[in-house]
Amino acid sequence: MRYTQYFLPTLKETPADAEVVSHQLMARAGMIRKVAAGIYDYLPLGLRVIRKVENIVRQEMDRAGAIEILMPAVCPADLWEQSGRWQQYGKELLRLKDRKDTEFCVGPTHEEVVTEIVRGTVNSYRQLPLNMYQIQTKFRDEMRPRFGLMRGREFIMKDAYSFDIDDASADISYEKMYQAYRRIFKRCGLKFRAVEADSGAIGGSFSHEFMVLAETGEDAIVSCDSCEYAANVEKAELRAASGEAPVPTLPLERVKTPNLRSIEDVAAFLKETPAKMIKTLVLQNENEEVFAVLMRGDHTLNEIKLCNYLGCNHVQLADEEIIKKLTGAPRGFTGPIGLACRVLADQAVAVMSDFGLGANEADYHLTGANYGRDFEVEAFVDLRQAGAGDSCPRCEGKLEAWRGIEVGHVFKLGTKYSDAMNATVLDDEGKDRTLIMGCYGIGIGRTAAASIEQNHDDNGIVWPMPLAPFQVIVTMLNPGDEAVFAAGEKLYLDLLAEGIEVLLDDRDERPGSKFKDADLLGIPLRVNVGARGLKEHSFELQDRRGGERVMLPIEGAAATIVEQVRTALAAG
RNA sequence: CGGGGAGUGGCGCAGCCUGGUAGCGCGCCAGUUUUGGGAACUGGAUGUCGCAGGUUCGAAUCCUGUCUCCCCGACCA
């Protein structure tokens with residue numbers, strides 16, 4: 001591609017609305033442009049990267065035996081009513097009506113549509129297993145789109161759906177996708193972790209998220225420093241502390257703690273550590289049922305674990321009014337003694353003794369409190385959020401904490417959709433069997449953005465070879481010089497003939513501008529063609545990542561460059 | 001959805017309080033000189049000041065409404 005004939009609007013300045021580096025650089029490098037909140041144009045350079053990711057995904061899906069299809073973006077409400085999701089899915093589902101007032105939605109995911117395909121055409125176990133995927137533009141009307149392609153409303157996603165006759169077969173389908181995903185993200189040159197994820201309201205199934213490690217990630221994950229265990233903190237289990245609670249040694253005492261509401265303040269006042277305190281959280285679920293949860297003072301509640309235990313969808317901290325009504329005291333002085341509601345405790349509380357807690361009375365706390373002697377709880381449960389330094393639940397190792405960008409999710413669905421939509425096949429005994437399903441998503445644009453989060457420096461993007469929009473940029477330092485122009489042109493054509501993706505910077509610009517643009521675009525290899533080098537019958541080859549420059553004799557230069565591109569691709 | 005902020009040329013912003021010919025930097029066009037890390041000079045083009053009402057002799061500026069965008073939070077198979 002010749003720069004002068006291309007459409008590549010780079011920006012010197014960072015657009016004001018871009019917060020994270022991937023969004024800033026994508027905008028500056030002329031890859032994307034915002035059209036509305038969470039909705040973007042993919043300009044030529046951006047589209048090339050998107051296609052690179054798509055092609056890697058497509059190759060690995062095909063290799064894993066999945067079959068590509070394309071389903072409609074606009075889906076009839078009727079199908080969604082069959083699965084029950086027309087009611088369940090909230091405002092995130094973009095709904096619309098056609099001229100006849102028939103209701104539709106713009107698909108955020110396609111379980112219903114794909115299940116309908118299979119239901120109508122697959123009748124026998126002999127036709128299974130089956131895995132179909134598509135790469136398609138999806139729409140989710142996010143409350144708060146942000147971070148460019150990382151969390152858009154319209155986005156490109158690969159979604160695959162597997163259908164199996166039984167659990168054992170479905171587990172094999174799942175494992176194939178899991179391995180395909182590992183290959184995909186490895187080939188994209190990303191540092192990632194596959195982590196166990198919460199399976200949400202569906203229950204009884206399992207799920208892994210593929211997380212690209214990045215400071216700006218929206219998810220917190222933990223991984224073991226000595227075994228393979230890794231999980232989203234939403235999911236990460238914690239082992240119960242071993243041992244018995246020490247015998248109480250102190251009497252229960254009432255202590256005046258004027259206006260001290262936080263655990264830190266009270267602990268400091270009592271000359272204790274927060275770990276010797278218990279905090280009592282009052283929470284409310286979606287049915288307005290009120291619960292109290294006891295946590296060790298320095299621990300954090302994991303609301304998802306609580307929801308899973310309670311069998312509800314959502315909990316939130318109760319407001320001041322509810323707390324007052326329940327405890328008779330303002331927020332900050334709540335304790336479990338005498339509380340008229342269900343009281344749960346994290347398992348860590350079971351091995352504590354002689355601790356401090358709220359007195360359910362304004363400006364008072366209690367010290368020397370002990371479970372069993374002073375109060376009871378309904379159950380001890382694992383309710384705590386895991387973090388760095390916690391013990392691995394699977395081995396003797398310690399957990400490390402990371403931030404991650406969720407680029408892929410594999411999910412064993414079970415029969416949620418096949419049941420609701422009556423998708424069955426006949427087994428080898430001629431009996432109806434409900435299909436076991438799995439679904440597997442990859443955010444294509446998000447993967448490209450995540451790659452930039454991991455691969456950039458102060459000057460711009462540093463693409464790994466497999467995702468680079470062009471593999472080589474040939475920069476003619478002075479295209480007005482006939483010798484330079486001819487040499488650059490020849491190198492460009494030679495590289496093209498070898499199948500290399502090359503951008504020829506033939507613009508009549510000053511060298512400095514061209515260098516800055518080349519760095520911004522992040523093309524892995526740059527060849528500087530200038531009068532100075534030509535005097536020595538050489539080009540200058542510069543590596544974007546390391547910045548090293550070497551002189552390349554013109555004779556054989558193309559072959560050397562081709563070799564480097566191929567090596568870099570093979571390494572991915 | 002709650003809280004906060006912003007809409008002025010392609011991009012980044014000033015002007016608004018205290019109403020009176022719409023400005024700056026970058027970019028863009030033409031020319032001259034330049035040419036190995038975002039050149040200099042000269043000349044030039046580009047705005048219904050988000051939209052709709054209102055107040056006023058006069059509104060980017062004041063008032064009302066509305067839309068959009070951004071940030072924090074909540075939400076997220």
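Throughout, a chain's letter reflects where its sequence line sits, starting with A, and its residues are numbered from 1. Side chains are part of it too, since the values below use all heavy atoms of this structure and drop only hydrogens, waters and symmetry mates.
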Work out how far the [atom1] atom of [N] is from that of [M], and round it to whole angstrom.
N	M	atom1	result
B:C24	B:G15	C1'	10 Å
B:U46	B:A22	P	14 Å
B:C51	B:A40	C1'	43 Å
B:U34	B:U42	C1'	15 Å
B:U56	B:A74	P	48 Å
B:G58	B:G19	C1'	8 Å
B:A59	B:U55	C1'	10 Å
B:C26	B:C67	P	39 Å

Nearest-Å distance, [atom1] ([X]) to [atom2] ([N])?
X	N	atom1	atom2	answer
A:M143	B:C69	CE	P	16 Å
A:D17	B:C11	CG	P	10 Å
A:Q24	B:C11	CD	P	17 Å
A:R507	B:G27	CZ	P	13 Å
A:Y40	B:C69	OH	P	11 Å
A:I39	B:U68	CD1	C1'	12 Å
A:E142	B:C1	CD	P	15 Å
A:K516	B:G37	NZ	C1'	6 Å

Between [Y] and [X], is there a side-chain donor-acceptor contact under 3.5 Å, judged purely by atom types and distance?
X	Y	answer
A:Q24	A:T14	no
A:H208	A:Y174	yes
A:R85	A:Y417	yes
A:E453	A:H456	no
A:Q134	A:D159	yes

With both distances under 3.5 Å as the test, what is the Watson-Crick or G-U wobble partner of [N]?
N	result
B:A39	B:U33
B:A59	none
B:A45	none
B:A6	B:U68
B:C11	B:G25

Side chain of [X] only, heavy atoms from C-beta on: which candidate in [options] is closest?
X	options	result
A:A16	B:C72, B:C69, B:C13	B:C13
A:C439	B:A77, B:C70, B:C71	B:A77
A:K34	B:C69, B:G38, B:G37	B:C69
A:R144	B:U34, B:C70, B:G73	B:G73
A:R85	B:C76, B:C71, B:A77	B:A77
A:P15	B:C70, B:G12, B:U35	B:G12
A:A37	B:C69, B:C76, B:A77	B:C69
A:E13	B:C70, B:G37, B:G25	B:G25

> Quick one: is A:K12 getting a side-chain N or O under 4.0 Å of the B:G27 phosphate, OP1 or OP2?
Replying inline: yes
> Just to confirm, is there a sub-4.0 Å distance from OP1 or OP2 of B:A39 to any side-chain nitrogen or oxygen of A:R510?
Replying inline: yes
Is [X] touching bases, backbone alone, or none of the nucleic acid, heavy atoms closer than 4.0 Å?
X	result
A:K514	nothing
A:N459	nothing
A:G533	base
A:E19	sugar-phosphate

>> On RNA chain B, compare the nucleotides closest to A:D517 and A:R33; which residue's is nearer the 5' end?
In response: A:R33
> Considering heavy-atom distances to RNA chain B, does A:M157 or A:Q542 have its closest nucleotide positioned more toward the 5' end?
Replying inline: A:Q542
> Hey, is the main chain of A:H299 close enough, under 3.5 Å, to the side chain of A:K279 for a donor-acceptor pair?
Replying inline: yes
>> Looking at A:S162, is its backbone amide N or carbonyl O close enough to the side chain of A:Y440 to form a donor-acceptor pair, meaning the two atoms are under 3.5 Å apart?
In response: no
> OG1/A:T115 to CG/A:L435 distance, rounded to the nearest 0.5 angstrom?
Replying inline: 8.5 Å
> B:G38 base to A:R28 side chain: any donor-acceptor pair below 3.5 Å?
Replying inline: yes
